[in-house]
Amino acid sequence: MSHRADIVPLREAIDLVDHKVNLLGVIVEFGFPRKSMGTGIWDSPFLSSFFNRLHQVVQVFNYVCVLKIVDDSHQKPEISVNIFAKNLDELPRVLGHGDLVHLSRVVMKVCDGEVFAVFNKMFSSFALFQGKASNNLNPYQVSSRFCHEYQDDMLISHLRAWLLNFQLDAGSSEYLRSLKDIEAGKFFDLICKVLYVYEASKDEWILFVWDGTDTPPLSLETKLEDEVEKPLPLNFESFTLPRETLCTFPRVGTILRVVPRAYEKLELHFKDSNHWVKFRNISCQVCSGLWYGILMPNSKVRLLSNEDDFVIKCRRNYDDRVSAKVGRLPLSFNPHYCCVTVTDNENLPYMTLMEILTYSEVTAKFKSVVRVVAACPWRAERFFRSRVGMRSHKIRFTLEDPTARIHAYLFAEDGMEFFEGFPPIDVLTNKRNRLLGIIEGGTCKGENVLRNPPWVECCIKSYYKHKNDCWGSRRFRIFGTRLVS
DNA sequence: TTGGGG
């Protein structure tokens, strides 16, 4: 025999501040479960100093997760529900767009005019249900103390029916940015597809996200002398993703690496990749000339449907881009300013570096628009070596475009063509500086060199070094390209 | 008693 009160519509719950209520809502947004800031019961300055030692002992940290919910009676503003638990695993793991949450005995609170619900781990309980597309009345996750009541089934079905005609969308925001418009250190919202979640190590995760646009090119400032000992990395991550994984990714548009700060077991939220999501209040930074995103403790997620207006717009923009003749060219590339190199392979189609990396054949020829972000050796006088009286070029360039970085070698006759023979060292230095975007006189021995490499067109050939390991020994070299004087 | 808020 149950003594539980009925589920209260959100519109009524708002007026029941300090009351325990039962709610059923659609989850429109959530924060990843994380450690709470603590109970802060010794926060008063007097008590804090008086119980200085006790302070650290008594402070209680729980795990917390914030859901935002709506129902058919109330949509704006979305109602926050703060859920606390002793363990991470006891917090809700929202799996799908528009999933439902049943909350029992949560307390309505008000602060600064905002009404929200608080889940008390001593007496509240929750259950998560699939969203509108489902007829399943069994929850996919329940907290302790939750007990299923058959009279709730009708309300779950009712809410799902209401959802069929309700546009549960990404929500517009003034902070929404595409990857092409991001700025370091600024907070922004991003609508993107989560392509992959990688466990770098225990509690260290990297999300690979994509929105079909290109992150802006960055200036670099590294010691060029370091290129031998500590070369510019090819990826943000310290490992190389297997080619099979790369092949599942889109070939055009930047795949931004996003790292979580202060979260654990993030992978549980992205069991199925290829979800479209809106991240709210994320940030980005630059490392080794590569962009990366940061999920902050106060970042939020909205799981989106594939029919969401914003998602449709992203996909349409991408489809338009790749079907255009210039679809493979970086978004920030302006052909009117590309006059550093010329190539003599008119009929080779443009490809992104990601297309080159994932190309089905080991050996092939490509044409790309890239930036030369590093050279090894670095000094122009070492660009060629002497061997038994013969002079020959051998340089390893690091090329990047919005999709990837690769090493590409310049050898022998290709080097002759590239530099127009063996010009005097000062001429060669000037050529190098133009290629790497180094401002004249900007090189200081032993110090970081600021450079902003221009987009250059070049022909790239893939080859292998060992016949018994073609893919493993695959390399790239530049050919058919000339630096313009 | 822990949140949020760009």
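Naming: A, B, ... by sequence-line order, numbering from 1 per chain.
- Rounding to whole angstrom units, NZ of residue A/K68 and P of B/dG5 are separated by 5 Å.
- Rounding to whole angstrom units, CD1 of residue A/I282 and C1' of B/dG5 are separated by 18 Å.
- The distance between atom CG of A/L67 and atom P of B/dT2, rounded to the nearest whole Å, is 17 Å.
- Rounded to an integer number of Å, the gap from A/F116 CZ to B/dG4 P is 10 Å.
- Nearest-nucleotide assignment on DNA chain B puts the 5′-proximal partner with A/M122, out of A/M122 and A/P297.
- Judged by the 6.0 Å distance and 45° axis criteria, A/K300 is not positioned over the aromatic ring of A/F279.
- A salt bridge is absent between A/D99 and A/K132: the closest approach of a Lys/Arg side-chain nitrogen to an acidic carboxylate oxygen does not fall below 4.0 angstrom.
- The distance from atom CG of A/N82 to atom P of B/dG4 is 7 Å, rounded to the nearest whole Å.
- Across all strands shown, A/K109 has no heavy atoms under 4.0 Å from either base or sugar-phosphate atoms.
- Taking the ring centroids of A/F366 and A/Y359, they lie under the 6.0 Å cut-off.
- Rounded to whole Å, atom C1' of B/dG3 lies 15 Å from atom CZ of A/F61.
- The side chain of A/R34 contributes no N or O atom lying less than 4.0 Å from OP1 or OP2 of B/dT2.
- Looking at heavy-atom distances under 4.0 Å, A/D112 makes contact with a base.
- A distance of 6.0 Å or more separates the ring centres of A/F188 and A/Y175.
- B/dT1 has no base stacking with the ring of A/F84 when judged by centroids under 5.5 angstrom apart and an interplanar angle below 30°.
- At the heavy-atom level, A/E174 lies nowhere under 4.0 Å from the strands shown.
- Side-chain nitrogen and oxygen atoms of A/K121 include none within less than 4.0 Å of the OP1 or OP2 phosphate oxygen of B/dT1.
- Distance check, rounded to the nearest 0.5 Å: CG of A/L241 to OH of A/Y198 gives 7.0 Å.
- Mapping A/Y63 and A/E29 onto DNA chain B via the closest heavy atom, the residue that lands nearer the 5' end is A/Y63.
- Taking atom CG on A/N120 and atom C1' on B/dG3, their separation rounds to 14 Å, with Å as the unit.
- Cation-pi geometry between A/K109 and A/F116 is not met at under 6.0 angstrom from the ring centre and within 45 degrees of the axis.
- Nearest nucleotide to the side chain of A/N62, out of B/dG5, B/dG3, B/dT1: B/dT1.
- In summary, the aromatic rings of A/W210 and A/Y318 are positioned with their centroids under 6.0 Å apart.
- Distance, A/K86 NZ to B/dT1 C1': 11 Å, rounded to whole Å.
- Of the residues in residues 87-99 of chain A, not one places a heavy atom less than 4.0 Å from an atom of DNA chain B.
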